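Because the structure is predicted, anything quoted here is derived from the model rather than measured.
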Amino acid sequence: MPWQADLFGSREQTLAANETPRRIVLGDRVIPYVLRRARRRTIGLSIDQRGLRVGAPRRASLVDVESLILRHGDWVKQKLDEWHHRLCQESLAIVDGVRLPMLGESLLIRLAAGNNRALWTEAPGQSAPILTLCLCSPEDAAGLLEKALREKARTLFDMRLGYYAGPLGLATPRLTLSSARTRWGSCSLKTGIRLNWRLIHFPQHVIDYVVVHELAHLREMNHSPRFWAIVGQIYPDYKTARTELQQLAARCPRW
């Protein structure tokens, strides 16, 4: 089947009767898409803020549809990442009382006058703590918040790397925090593992998937079946966590 590329589809938010939600694996990513059957002559791929949408003739087989998506997998992933980057440009205002996700809970941010230090306190009856930013100036809030979350992330990530390295027969690697826009982790046999500090916004089981994924690369530097077998040995439900990570990434707060 021939194909056509259109980056901007219609803006309707609910599925029509002739639309079906589906998923396809592209490399190391599970990509959700909506398949729309219609009176048309070609298969068309469109990507917007809702994700990948595929228009296909009624006679086109699913094999035809997914073969085309696979052939243009790099294009699909690139455009999805561009949309994710665009959505993440919407900045969150750091004001007193704002809430942020942290480890699957809702973190309450309080602002107070002070000498630019962060205080973590337990919230009665809640599993998430309260983070108070004691500020010399309101303009310092964003930087101090990032610093506090980075410190929390480093402590947790180091602990999880140590927890999973042993079962993989590895020494705990050196950890570096990154601020990449669309990449959550990377690794090198020489320099160790880099993890995006913004993972701290996600539940721990999702963080653990990223940790295991990067540790497994120290054993197998590819995404071959052997690599995924190593991941599955330590983290059997990795496919579910991988999909959840992709969904959470679209809502990751930025400020």
Side-chain angles (χ1 to χ4, degrees), residues 27-30 84 88 99-109 118-123 126-131 144-224 226-255:
D28 64 339
R29 295 167 61 173
V30 178
H84 172 240
C88 285
R99 288 184 177 271
L100 295 172
M102 189 186 81
L103 297 178
E105 303 290 344
S106 178
L107 174 67
L108 176 63
I109 306 298
L119 298 177
W120 295 90
T121 56
E122 296 299 319
Q126 298 186 29
S127 54
I130 296 172
L131 175 58
L144 186 59
L145 173 59
E146 179 173 333
K147 179 182 178 183
L149 291 178
R150 276 178 172 269
E151 291 173 353
K152 183 72 71 173
R154 177 175 290 280
T155 299
L156 176 64
F157 298 172
D158 266 327
M159 180 179 70
R160 302 315 288 168
L161 283 169
Y163 180 82
Y164 285 110
L168 285 167
L170 300 168
T172 303
R174 176 188 175 191
L175 169 67
T176 304
L177 297 183
S178 82
S179 300
R181 281 290 179 177
T182 59
R183 194 169 190 178
W184 297 109
S186 62
C187 74
S188 165
L189 293 173
K190 183 179 295 186
T191 60
I193 284 179
R194 293 173 62 86
L195 295 176
N196 194 316
W197 69 266
R198 293 184 188 274
L199 284 166
I200 197 67
H201 292 303
F202 304 156
Q204 184 172 309
H205 67 271
V206 174
I207 297 171
D208 283 354
Y209 159 68
V210 179
V211 167
V212 171
H213 184 113
E214 298 308 327
L215 284 170
H217 274 311
L218 295 178
R219 294 263 308 272
E220 197 75 21
M221 283 289 190
N222 51 53
H223 288 112
S224 65
R226 177 177 170 80
F227 166 80
W228 289 113
I230 294 171
V231 174
Q233 174 187 350
I234 305 300
Y235 198 113
D237 199 22
Y238 71 87
K239 291 183 180 179
T240 300
R242 181 173 60 185
T243 299
E244 186 175 353
L245 173 63
Q246 294 166 3
Q247 295 168 344
L248 290 169
R251 304 190 299 272
C252 186
R254 305 277 175 172
W255 59 87

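Between Leu149 atom CG and His201 atom NE2 the span is 5.5 Å, to the nearest 0.5 Å. To the nearest 0.5 Å, the span separating CD1 on Ile109 from CG on Leu107 amounts to 4.0 Å. Atoms CG and OG1, from Leu131 and Thr121 in turn, are 8.5 Å apart once rounded to the nearest 0.5 Å. Interatomic distance, CD of Gln246 versus CZ of Arg29, reported as 6.0 Å (0.5 Å rounding). The distance from atom CH2 of Trp197 to atom CG of Leu156, rounded to the nearest 0.5 Å, is 14.0 Å. Atom CD of residue Glu151 and atom CD of residue Glu146 lie 11.0 Å apart, to the nearest 0.5 angstrom.
Residues Leu248 and Val206 meet the side-chain proximity criterion, which asks for heavy atoms closer than 4.5 Å. Looking only at side-chain heavy atoms (C-beta outward), Pro253 and Pro101 come within less than 4.5 Å of each other. Put simply, the side chain of Leu177 does not reach to within 4.5 Å of the side chain of Asn196, judged on heavy atoms. In this structure, Pro173 and Leu215 have side chains that are in contact, with non-hydrogen atoms separated by less than 4.5 Å. Between Leu199 and Leu245, the closest side-chain pair of non-hydrogen atoms falls below 4.5 Å. Annotation: side chain of Cys252 is in contact with side chain of Phe202 (closest heavy-atom distance under 4.5 Å). Taking the side chain as every heavy atom from C-beta outward, Leu218 and Ile193 approach each other to under 4.5 Å. A 4.5 Å side-chain heavy-atom check between Pro129 and Glu105 finds every atom pair outside the cut-off.
Residues in residues 156-178 take part in no ring pair (Phe, Tyr, Trp, His ring centres under 6.0 Å) pair, two or more places apart or across chains. Applying the salt bridge (Lys or Arg N to Asp or Glu O under 4.0 Å) rule to pairs touching residues 236-249 yields nothing, sequence neighbours excluded. Applying the salt bridge (Lys or Arg N to Asp or Glu O under 4.0 Å) test to pairs two or more places apart or on separate chains, those with a residue in residues 152-168 are Arg160-Asp208. Pairs of residues two or more places apart, or lying in two chains, never qualify as salt bridge (Lys or Arg N to Asp or Glu O under 4.0 Å) while including a residue from residues 188-203.
Partners of His217 under the side-chain hydrogen bond (donor to acceptor under 3.5 Å, both in side chains) rule, at least two apart in sequence or in another chain, are His213, His223. For Ser224, the side-chain hydrogen bond (donor to acceptor under 3.5 Å, both in side chains) partners are Asn222, not counting sequence neighbours.
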Stepwise side chain to side chain contact (heavy atoms under 4.5 Å, CB included) check, Leu119 with Ile130: CA-CA 8 Å; Leu119 298 177; Ile130 296 172; over 6 Å; no
I would like to know whether Ser179 and Arg150 meet side chain to side chain contact (heavy atoms under 4.5 Å, CB included); could you show each step before the answer? CA-CA 10 Å; Ser179 300; Arg150 276 178 172 269; 2.5 Å; yes
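Considering every non-hydrogen atom in both Ala216 and Phe227, the closest pair reads CB-CE1, 3.5 Å. Nearest heavy atom pair, residue Gly232 against residue Tyr238, reads CA-CD2, 3.8 Å.
Of the possible polar contacts, none joining the Thr191 side chain to the Cys187 backbone as a donor-acceptor pair under 3.5 Å is found. When atom types are taken as modelled, the side chain of Arg219 and the backbone of Ile230 share no donor-acceptor pair closer than 3.5 angstrom.
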